[in-house]
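My questions will all concern the structure given below.
Lettering follows sequence order; numbering is per chain, from 1. Reckoned from all heavy atoms, side chains included, excluding hydrogens, waters and symmetry mates.
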There are 10 protein chains.
Amino acid sequence: MLYLVRMDVRLPDTLVGQARADLLAREKAYSQELQRSGEWPHIWRVVGEYANYSVFDVDSHDRLHEVLSGLPLFPHMDIQVTPLASHPSDVRA
Amino acid sequence: MLYLVRMDVRLPDTLVGQARADLLAREKAYSQELQRSGEWPHIWRVVGEYANYSVFDVDSHDRLHEVLSGLPLFPHMDIQVTPLASHPSDVRA
Amino acid sequence: MLYLVRMDVRLPDTLVGQARADLLAREKAYSQELQRSGEWPHIWRVVGEYANYSVFDVDSHDRLHEVLSGLPLFPHMDIQVTPLASHPSDVRA
Amino acid sequence: MLYLVRMDVRLPDTLVGQARADLLAREKAYSQELQRSGEWPHIWRVVGEYANYSVFDVDSHDRLHEVLSGLPLFPHMDIQVTPLASHPSDVRA
Amino acid sequence: MLYLVRMDVRLPDTLVGQARADLLAREKAYSQELQRSGEWPHIWRVVGEYANYSVFDVDSHDRLHEVLSGLPLFPHMDIQVTPLASHPSDVRA
Amino acid sequence: MLYLVRMDVRLPDTLVGQARADLLAREKAYSQELQRSGEWPHIWRVVGEYANYSVFDVDSHDRLHEVLSGLPLFPHMDIQVTPLASHPSDVRA
Amino acid sequence: MLYLVRMDVRLPDTLVGQARADLLAREKAYSQELQRSGEWPHIWRVVGEYANYSVFDVDSHDRLHEVLSGLPLFPHMDIQVTPLASHPSDVRA
Amino acid sequence: MLYLVRMDVRLPDTLVGQARADLLAREKAYSQELQRSGEWPHIWRVVGEYANYSVFDVDSHDRLHEVLSGLPLFPHMDIQVTPLASHPSDVRA
Amino acid sequence: MLYLVRMDVRLPDTLVGQARADLLAREKAYSQELQRSGEWPHIWRVVGEYANYSVFDVDSHDRLHEVLSGLPLFPHMDIQVTPLASHPSDVRA
Amino acid sequence: MLYLVRMDVRLPDTLVGQARADLLAREKAYSQELQRSGEWPHIWRVVGEYANYSVFDVDSHDRLHEVLSGLPLFPHMDIQVTPLASHPSDVRA
């Protein structure tokens with residue numbers, strides 16, 4: 001099942017230097033592992049904002065929450081989830 | 001270049017019967033032609049709403065406006081466009 | 001999987017008399033069939049509004065959209081869907 | 001009487017380590033006691049957010065405020081309360 | 001139990017003449033009967049708007065919905081309900 | 001003249017212990033003096049929130065601002081003021 | 001006492017020709033009479049909108065509502081009222 | 001002086017055929033005359049919407065309102081005006 | 001030219017004592033000088049809020065920005081500017 | 001391709017003195033270099049706010065994000081991007 005997810009990142013001013021670099025590196029590794037496994041098929045940058053739109057493809061709401069709440073940046077993000085159904089005009093559906 | 005587009009359809013109560021069926025058929029044909037040409041790579045239904053999220057892949061803003069304003073349902077839709085850039089964590093970028 | 005759904009009904013002023021009564025009767029029958037099948041376990045009236053909060057328990061986003069878009073009142077409702085996961089403090093989870 | 005309650009948690013960055021773990025443990029115990037007593041019949045996680053939707057079943061507004069303002073996390077939450085009435089289509093009503 | 005209720009009236013342009021006068025007369029009579037019975041202890045006009053803030057004192061959510069949905073103007077109003085608890089600083093509580 | 005006033009309290013995290021207790025005690029005393037004088041005839045708790053709806057009965061806008069800006073909690077509150085007129089359906093007017 | 005009032009006019013499409021001209025003429029005469037009496041000391045056009053910001057100087061909330069609800073355009077306007085107090089930095093206060 | 005202006009067009013469903021074509025032709029001629037005179041230096045289409053962002057360069061607020069309220073489409077547009085000052089980083093200022 | 005300006009003040013909690021008193025004294029002196037010069041003809045307190053509505057009468061957008069950005073409290077204020085034109089019903093215009 | 005960009009600056013209170021002056025000087029130099037290269041053809045101050053509206057003319061979404069995320073003030077700004085197409089009434093198009 002597909003979900004459109006928007007994530008807005010708001011890092012605290014006090015997070016700087018190596019601690020910040022480490023956190024961002026862990027976020028990137030975490031994301032790429034899920035992309036490779038197929039559960040996170042799309043990630044795009046929102047132009048001009050520290051934010052992304054992503055599409056997730058997971059088996060259940062519980063799995064999506066597990067994935068999102070496990071993001072290293074989760075405590076510093078506002079996240080909005082929209083469930084997506086197949087569209088009757090979709091040529092691939 | 002990629003754009004995330006949300007379309008919310010609000011058909012007038014006076015549009016019924018064959019006129020309505022014809023309009024929706026033209027919308028579907030128009031959409032599927034663009035999907036097949038590669039300019040409209042994704043279309044998803046927003047669950048519970050007469051709305052979709054789509055991704056467009058076109059060469060310019062002018063082309064996107066040409067495509068969207070040419071939709072048979074364009075006079076009956078609210079449309080929001082978000083330009084998307086490649087994400088530094090994207091394993092395919 | 002569970003979804004919280006809010007439905008706000010806005011009937012057109014032109015819908016009156018028997019046509020209106022028939023539509024509402026079909027809505028009620030449709031809802032009660034889904035309640036009995038277990039896919040619509042909760043429905044509550046929002047106090048003071050022509051609106052309800054409901055919980056749906058279905059197997060997929062596609063099934064939920066099928067159920068909601070099939071509501072006889074669907075053309076006259078604003079619907080918001082929120083996917084629900086199990087809560088770590090839930091004594092029944 | 002039933003109330004739908006949404007709680008959004010915003011923990012301060014300064015709350016860490018044991019103080020944080022203790023607070024969350026007290027919140028969980030407080031919630032589970034009320035779930036077992038019957039006054040907090042439903043609690044669901046909002047997917048992707050540090051938030052929950054809950055249903056409370058209490059005898060009065062005063063009792064609900066007593067319960068909510070007694071939550072260990074109350075100073076760190078935004079709470080919205082919606083009173084729920086029985087719905088005329090409810091097969092259990 | 002007390003509830004603060006805001007009602008915003010939006011009469012259709014097509015409601016004129018005697019039909020309009022009759023409806024407003026029925027609304028007034030309905031309101032005054034509930035004021036005299038004690039269930040509608042306060043009603044104030046919002047200055048400059050076709051709207052009122054009212055306080056209701058009823059035994060249950062179901063009773064409040066019965067009262068509000070029975071208003072002759074109910075189909076033409078937006079209504080917001082806020083449950084009120086006693087305040088610890090209230091000298092009368 | 002009557003005014004409906006909503007006050008939302010947002011205490012800073014740094015206000016704790018005796019300083020906090022003293023401030024709240026002064027707020028309560030200040031409120032109760034105005035309730036007894038008749039200028040603050042109603043105060044209700046908004047269920048689930050650190051907020052109140054109040055009705056003030058004062059002679060002028062200047063007097064209301066004097067009263068509100070003198071609240072010990074004024075620097076920590078968001079306040080919204082709605083002027084109320086008598087309602088033509090009010091049985092007491 | 002002073003009030004800042006914003007009025008947004010939304011004339012129905014069906015109001016045309018002489019009926020429209022007459023209504024606007026009555027509105028203008030009504031407004032100018034109150035301006036001359038001193039109760040409506042300021043009226044400004046919001047640039048680019050069919051709207052105005054005005055300042056009223058009346059003795060009571062009831063009088064302001066009487067004045068505003070008597071506007072010939074009242075059924076076609078959205079009105080917002082903000083009570084104004086004297087400012088401690090005002091050189092004329 | 002410069003102003004940023006956003007115009008959102010909402011044509012009534014009843015405006016069709018020659019009446020609609022004539023109105024749009026008059027709008028275009030009106031706009032182009034002001035562009036050529038220098039008072040309307042920029043006009044851009046908002047991608048995907050029946051809307052534009054424009055920059056106006058006029059001598060006064062009164063002149064801008066005269067220009068905007070004279071638009072043939074004025075009764076069918078929502079307009080927002082933002083006054084612009086020169087920016088200290090502008091290399092042309 | 002006239003502008004309606006709303007200013008909402010949000011002083012940081014860390015600004016206390018003499019530093020705060022000095023800042024407010026400079027703000028008052030700055031405002032009163034502009035009031036006396038005629039560029040700031042009106043200033044009113046929004047009842048119940050640390051905010052004001054003001055009318056400015058200056059020769060250009062650049063001058064207004066110079067005046068507002070020079071306010072000693074400018075770094076601590078949210079400011080909204082609305083350009084005002086003369087109204088066709090104004091008896092003084 | 002053109003984009004309208006609004007930037008709202010919110011500097012932290014802790015950024016003062018030379019660090020602040022250096023940051024603002026770097027921002028100005030960065031902006032002016034892009035203005036001279038032709039990629040940032042317009043920058044205007046929003047009157048009364050620490051904000052600007054700008055027009056960018058770049059070859060791709062990716063380039064715009066590169067430019068904006070490279071702004072020295074980027075961590076302290078809220079940015080909104082609107083893609084602009086050519087307008088059919090534009091005399092220069």
Side-chain angles (χ1 to χ4, degrees), chain F residues 1-17 19-20 22-24 27 30-31 34-35 39-44 46 50-85, chain I residues 2-36 40-57 68 71-82 84 87 89-90:
Chain F
M1 283 185 316
L2 301 180
Y3 302 76
L4 181 67
V5 178
R6 179 177 170 132
M7 309 180 204
D8 286 86
V9 184
R10 312 195 188 287
L11 293 184
D13 293 340
T14 53
L15 183 68
V16 294
R20 178 183 163 121
D22 288 351
L23 180 65
L24 298 184
E27 178 79 9
Y30 182 98
S31 168
L34 286 158
Q35 290 179 58
E39 290 190 306
W40 191 336
H42 297 290
I43 180 170
W44 301 289
V46 179
Y50 195 171
N52 71 75
Y53 270 110
S54 289
V55 175
F56 285 84
D57 186 356
V58 294
D59 285 339
S60 70
H61 296 348
D62 282 356
R63 175 58 184 157
L64 182 61
H65 190 71
E66 183 182 37
V67 163
L68 294 175
S69 61
L71 287 162
L73 285 177
F74 182 73
H76 309 301
M77 295 201 293
D78 289 332
I79 294 181
Q80 284 181 303
V81 173
T82 305
L84 301 172
Chain I
L2 301 180
Y3 301 78
L4 181 68
V5 178
R6 180 178 169 131
M7 309 180 205
D8 286 85
V9 184
R10 313 196 188 286
L11 294 182
D13 293 340
T14 54
L15 183 67
V16 294
Q18 195 60 38
R20 179 183 162 121
D22 288 351
L23 180 65
L24 298 184
R26 285 196 292 125
E27 178 79 9
K28 186 171 187 172
Y30 182 96
S31 168
Q32 294 193 332
E33 184 178 326
L34 287 158
Q35 290 180 58
R36 292 199 181 92
W40 192 337
H42 297 290
I43 180 169
W44 301 289
R45 174 64 77 213
V46 180
V47 175
E49 304 186 47
Y50 195 172
N52 72 75
Y53 270 110
S54 289
V55 175
F56 285 85
D57 185 356
L68 294 175
L71 287 163
L73 285 177
F74 182 73
H76 309 301
M77 295 201 294
D78 289 332
I79 294 182
Q80 284 180 304
V81 173
T82 305
L84 300 173
H87 194 283
S89 296
D90 191 340

Contact origin within I79(F) toward chain I - heavy atom pairs under 4.5 Å: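 For I79(F), backbone and side chain are both near chain I.
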
Interchain contact, Y3(F) with chain I, by part (heavy-atom threshold 4.5 Å): neither

Shortest non-hydrogen separation from E49(I) to H65(F) and the atoms involved: O-CE1, 3.5 Å

Atom CD of E66(F): over 12 foreign heavy atoms under 6.0 Å: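 Yes, CD of E66(F) has more than 12 neighbouring heavy atoms, counting only those of other groups under 6.0 Å.
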
For the student: nearest non-hydrogen atoms of G48(I) and V81(F), plus distance: CA-CG2, 4.3 Å

Part of residues 50-64 of chain F lying next to chain I, heavy-atom separation under 4.5 Å: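 H61(F), L64(F) fall under the 4.5 Å cut-off.
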
